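Computation of the quantities below employed the complete heavy-atom set of this structure, encompassing side-chain atoms and omitting hydrogens, waters and symmetry-equivalent molecules. Here the structure is a predicted model, which is why all the values come from computation and not from measurement. Every chain is numbered from 1 and lettered A, B, ... according to where its sequence line falls, protein lines coming before strand lines.
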Amino acid sequence: MIRVYNTLTKTKEDFEPLQAGKVGIYLCGPTVYAQSHIGHMVGPVIFDSIKRYLQYSGYDVTWVVNITDVDDKLIVKSREQGISMEQLATEMTADYLTNLKSLGVDQIDVMPRATEHMKHIIAFIESLVDQGFAYDVDGDVFFEVEKDANYGHLSNRSLDSTQGAGGEAAARKRSANDFALWKSAKPTEPSWDSPWGAGRPGWHIECSAMSREILGEEFDIHGGGLDLVFPHHENELAQSACCHGKPMVKYWMHNGLMRAGGNDGKVGGRAEQDGDDDEQATVETKISRSRGAGGLADLIGRQGGQRIRFFLLKSHYRSTIVFSETGIEETGKALTAFERLFERFQRISGNSFFELPIADNKSTGDFDAGECDFLLQVQAHRAQYLAKMDDDFNTGGAISDLFDLVRSINRFIDQTSLESADNADTTNNASLKQALLTMRELTALLGIFMSEQTEDDTMGEDQGLTEQLMQLMLALREEARANKDFATADRIRDGLLEVGITIEDRADGAQWHK
RNA sequence: GGCGCCGUGGCCAAGUGGCUAAGGCAGUGGAUUGCAAAUCCUCCAUCCCGGGUUCGAAUCCCGGCGGCGCCUCCA
C-alpha cells in the first residue's frame with residue numbers, strides 16, 4: 001500500500017485513487033516570463049519519479065503540467081524586450097522544456113497552455129458568476145471569498161488573518177480577500193474577448209479550468225511547490241469546489257523549496273538583511289527569480305543533468321534542499337560507483353547494463369532466489385527499497401538500498417572471482433545478471449541510468465585521437481612494467497594523472513578514465 | 001503580529017516510540033597491488049539545550065536557543 005502525505009489533512013494517508021487503477025496528476029508548472037532556475041526542476045523531477053513509481057505499482061497515470069503563458073509579468077517583460085508576449089512565452093517555454101529534458105523528465109502526458117484554453121477559462125468564470133460565487137465590476141471579475149465556507153482550509157488560515165491584495169483593483173472589490181478571475185485590459189495590453197469585455201484571466205483560474213478539462217472535476221493528485229499553497233492553491237480549490245459542489249482534489253502534495261547556500265551557491269541573490277546583523281553571516285534564502293536566480297543551462301552544462309537529478313532525489317521531496325554546486329559534485333562522485341559496476345558487469349558478461357530490459361511493474365521484477373545467499377540479499381535490498389518508495393515516495397531512503405546493492409554485487413564478484421578470465425561458472429553469471437536486472441529495475445524508477453551518458457560527444461573528433469594516443473601510452477607503460485622499469489611506468493601514470501587521467505591496472509590489462 | 005517547517009557524526013542525509021541510529025562524501029586501519037587505482041573488509045554519532053510522559057524516545061508533550069518558509073509575484 002502506497003502512503004501519501006496530504007497537505008489538506010496534514011497527515012499521511014493510504015493512497016486510493018478515485019477510480020480504481022487510474023491516477024490523474026496535475027502539477028503547477030512555470031509562468032514563462034524568464035528562464036527557469038534549478039528550483040523549478042524540483043517538482044518536475046520528483047513527480048516524474050512519482051509517476052514512474054505509480055505506473056510500476058500498476059496504475060494507469062495521466063500527468064499534466066501546465067504552462068502559464070499569459071500574466072502581468074509576461075506583459076511587462078515582453079515590453080522591456082520589445083517583443084510580443086507570445087514570442088517571449090514561446091522562447092521561455094522552449095528553455096523550460098530543454099531543461100526538463102536534460103534532467104530526464106519525460107513522463108509528462110499533457111502540457112496545456114493558458115492561452116489555448118481561453119474558451120474553457122471564460123466558461124468556468126461564467127459558471128461561477130451564474131452560481132453567485134463571483135461578481136463583475138467594470139470589466140473585472142472577482143471571486144467572492146466569503147461565499148466559500150471552506151476557504152482557508154488548505155493553507156490553514158482564517159479570513160481576517162489574510163491581508164489580500166492591495167493594488168489598483170482593491171477599490172472595486174467587495175472584500176480585500178476577493179481575488180481576480182478576469183482582469184480588464186488596457187488598450188495596449190494583449191486581450192481576449194469575454195462577456196465582461198476585453199481582458200485576460202487572473203492567475204488561478206487557468207489551473208481550475210484546464211485541470212477540469214483534462215482530468216475532470218475531481219482528480220487524484222495536485223502538486224506544486226510549498227509556496228503555492230497560499231494563495232494559488234487555496235484559490236484554485238475555492239473556485240473548483242464552489243463551481244462543482246464537490247472536492248477538487250483528493251491528495252494535495254507539495255514539494256519543499258530550494259534555498260541558495262551562502263557561499264558557493266550564488267544562484268539566488270542575498271536575503272534582505274534586518275539591519276542590525278553583521279553582514280558576513282552565511283545567508284540562505286529561497287531561490288527565486290525575483291532574487292536573480294538563473295543559469296540553469298550553465299549548471300547543467302557543468303554538472304550534467306543526471307547528477308542534478310540524483311542530487312534532487314537524494315533528499316525527501318518535502319524537505320528543503322540547500323543548493324550547493326559542491327554538493328552536486330559529491331553526488332556525482334557517488335554515481336561513479338554505479339558506473340564502474342556497470343563496466344565491470346560488461347567486462348564479465350559482455351552485456352551492456354543499458355541494454356538490459358526494464359521490469360515495468362512489481363511482479364515482472366520479482367524473481368526466485370532459490371537457495372542462493374547472494375540473490376536472497378538482492379531480494380532483501382529490493383524489498384527494502386520498494387518499502388521506502390511506498391512510504392510517501394521516500395527516494396532519499398530508497399537510494400541507500402541502491403548503494404547496498406552495489407556493495408553486495410561487488411562483493412559477490414570478488415568472492416566468486418567472476419572477473420578472472422578462466423571462470424565460466426554459468427550459475428554465478430546468471431546470478432550476477434539477475435542482480436543487474438534488479439538494479440536496472442530500481443534505478444529506472446528514479447529515472448537514472450536510463451541510457452549511457454555520452455558526456456563528451458561535443459568533442460567527437462578528438463575522441464578517436466585521444467583513444468589512439470592513450471593506447472600508445474598504455475602500451476609503452478606495459479613494456480616498462482614488463483621490464484620492471486617501474487620508474488618509467490610511474491612517470492607515465494603520474495604524468496597522466498596531472499592532466500586528469502587515471503590509470504587502473506587490472507588482471508586483463510590497463511584501463512584509463514578521466 | 002498570524003500560520004507553518006526544521007535543528008541527526010567534519011559535510012550531505014534516511015529514520016518520527018523498542019533490533020547494534022540507513023546510505024553518500026571526506027577520513028582511519030587492513031586485504032589486494034611492484035607501487036597505485038578500482039574493489040572488498042574494519043573503524044568513525046546516542047540524535048541543539050532543559051524539563052516531562054513512558055517499562056522504553058532522536059522519535060510524543062512543555063519551555064528555551066538557533067535556522068527557514070508563507071501571509072505580496074514565486075516551483
Which is true for A:Ile503 with a 4.0 Å heavy-atom rule: it touches a base, it touches only sugar-phosphate, or it touches nothing?
-> base
In whole Å, what is the span from the CG atom of A:Leu312 to the C1' atom of B:A13?
-> 14 Å
Given that both distances must come in under 3.5 Å, which nucleotide forms a Watson-Crick or G-U wobble pair with B:A58?
-> none
Can you check the A:Leu496 CG to B:A36 C1' distance for me, whole Å?
-> 13 Å
Would you tell me if any nitrogen or oxygen in the side chain of A:Arg411 comes within less than 4.0 Å of OP1 or OP2 on B:C41?
-> yes
Pick the C1' atom in B:C11 and in B:C44, then give their distance to the nearest Å.
-> 14 Å
For the side chain of A:Thr31, starting at C-beta, report the closest nucleotide among B:A75, B:A38, B:C68.
-> B:A75
Is the A:His40-A:Tyr96 ring centre distance short of 6.0 angstrom?
-> no
For A:Arg407 and B:U39, is the shortest distance between a side-chain N/O and OP1 or OP2 below 4.0 Å?
-> no
Worked check of ring pair (Phe, Tyr, Trp, His ring centres under 6.0 Å) between A:Phe345 and A:Phe353 | CA-CA 7 Å; A:Phe345 171 63; A:Phe353 171 82; 7.4 Å; no
A:Arg491 near the nucleic acid: base, sugar-phosphate alone, or nothing, with a heavy-atom cut-off under 4.0 Å?
-> nothing
Over how many whole Å does the gap from A:Arg347 atom CZ to B:A38 atom P extend?
-> 13 Å
Trace of the side chain to side chain donor-acceptor pair (under 3.5 Å) decision for A:Asp71 with A:Thr68 | CA-CA 7 Å; A:Asp71 163 272; A:Thr68 301; over 6 Å; no
Same-atom distance (P) from B:C43 to B:G4, integer angstrom | 45 Å
What integer number of Å spans the C1' atoms of B:G66 and B:G50?
-> 15 Å
Should A:Asn156 be listed as having a side-chain N or O under 4.0 Å from OP1 or OP2 of B:G4?
-> yes
Rounded to whole angstroms, how far apart are CG on A:Leu474 and P on B:A37?
-> 18 Å
What about A:Lys333: does its side chain form a donor-acceptor pair under 3.5 Å with the base of B:C25?
-> no
Opposite nucleotide pairing with B:C68, Watson-Crick or G-U, both atom distances under 3.5 Å | B:G4
When rounded to whole Å, the CG to C1' distance for the pair A:Asn235 and B:C73 reads 13 Å
For A:Gly43, answer base if it contacts any base atom (sugar-phosphate contacts may also be present), sugar-phosphate if it contacts only those atoms, and nothing otherwise; contact means non-hydrogen atoms under 4.0 Å.
-> nothing
Just wondering, more than 12 heavy atoms not from A:Glu80 lying within 6.0 Å of its CD?
-> yes
What interatomic distance, in whole Å, is found between P of B:C25 and the corresponding atom of B:U59?
-> 29 Å
Just compare B:G23, B:C25, B:A75 and give me whichever is closest to any side-chain atom of A:Ala334.
-> B:C25
Per nearest nucleotide of RNA chain B, the residue lying toward the 5' end, A:Arg340 or A:Gly224, is A:Arg340
So what does A:Asn394 touch, heavy atoms closer than 4.0 Å: a base, only the sugar-phosphate, or nothing?
-> sugar-phosphate
Closest-nucleotide 5' rank along RNA chain B - winner of A:Ala489 and A:Phe311 = A:Phe311
Among the nucleotides B:G24, B:U39, B:A36, whichever has the atom closest to the side chain of A:Ala337 is B:U39
Separation of A:Phe230 atom CZ from B:A75 atom C1', in whole Å?
-> 18 Å
Salt bridge (charged side-chain N to carboxylate O under 4.0 Å, His left out) involving A:Asp148 - partner list, sequence neighbours excluded = none
Would you indicate what A:Arg344 reaches in the nucleic acid, counting non-hydrogen atoms under 4.0 angstrom: base, sugar-phosphate, or nothing?
-> sugar-phosphate
Mate of B:U16 across any strand shown (Watson-Crick or G-U wobble, both atom pairs under 3.5 Å) is none
When only distance counts, do a donor and an acceptor, one from the side chain of A:Arg481 and one from the base of B:G34, lie under 3.5 Å apart?
-> yes
If the P atom of B:G56 is compared with that of B:G51, how far apart are they to the nearest Å?
-> 16 Å
Phosphate contact (B:A14 OP1 or OP2) by A:Ser319 side-chain N/O below 4.0 Å = yes
B:C3 to B:U42 separation - C1' atoms, rounded to the nearest Å = 50 Å
For A:Asp505, which contact category applies under a 4.0 Å heavy-atom criterion: base, sugar-phosphate, or nothing?
-> base
Value in whole Å for how far the C1' atom of B:A37 lies from NZ of A:Lys514 = 18 Å
Within the structure shown, what part of the strands sits under 4.0 Å from A:Thr331 by heavy-atom distance: base, sugar-phosphate, or nothing?
-> nothing
Hey, is A:Phe486 doing a stacking thing with B:G34, by the 5.5 Å centroid and 30° angle criteria?
-> yes
For the side chain of A:Arg506, counting heavy atoms from C-beta on, which of B:A26, B:G24, B:A38 is nearest?
-> B:A38
Starting from C1' on B:C6, measure out to CD1 on A:Ile321 and report it in whole angstrom.
-> 14 Å
In terms of ring plane angle, is the pair A:His233 and A:Trp252 parallel, tilted or perpendicular, where the classes change at 30° and 60°?
-> tilted
How far does the C1' atom of B:A21 sit from the matching atom of B:A57, given to the nearest Å?
-> 12 Å
Which nucleotide, in any strand shown, forms a Watson-Crick or G-U wobble pair with B:A45, with both distances under 3.5 Å?
-> none
Under a 3.5 Å cut-off for both distances, is B:U39 Watson-Crick or wobble paired, and to whom?
-> B:A31
Indicate, with a heavy-atom threshold strictly under 4.0 Å, whether A:His316 touches base, sugar-phosphate, or nothing.
-> sugar-phosphate
For the residue pair A:Val70 and A:Met85, establish whether any side-chain heavy-atom pair is separated by less than 4.5 Å.
-> yes
Could you please spell out the steps behind the ring pair (Phe, Tyr, Trp, His ring centres under 6.0 Å) verdict for A:Tyr251 and A:Phe15?
-> CA-CA 8 Å; A:Tyr251 306 97; A:Phe15 181 72; 5.1 Å; yes
Select one nucleotide: of B:C71, B:A22, B:A75, the one nearest the side-chain heavy atoms of A:Cys28.
-> B:A75
Spacing of the P atoms in B:C49 and B:A31 (rounded, Å) = 40 Å
Among the nucleotides B:A75, B:C25, B:C35, whichever has the atom closest to the side chain of A:Leu257 is B:A75
May I ask you to decide whether A:Glu189 forms a salt bridge with A:Lys183, counting only side-chain N to carboxylate O separations under 4.0 Å?
-> no
Below 4.0 Å: OP1/OP2 of B:C40 and any side-chain N or O of A:Asn410 = yes
Of the nucleotides B:C25, B:A75, B:A13, which has the atom closest to the A:Glu330 side chain?
-> B:C25
Measure from the side chain of A:Phe403, starting at C-beta and using heavy atoms only, and say which of B:C73, B:G24, B:G2 lies closest.
-> B:G24
Would you indicate what A:Gly29 reaches in the nucleic acid, counting non-hydrogen atoms under 4.0 angstrom: base, sugar-phosphate, or nothing?
-> sugar-phosphate
Walk me through it: do A:Tyr151 and A:Asn235 pass the test side chain to side chain donor-acceptor pair (under 3.5 Å)?
-> CA-CA 8 Å; A:Tyr151 192 82; A:Asn235 292 351; 2.4 Å; yes
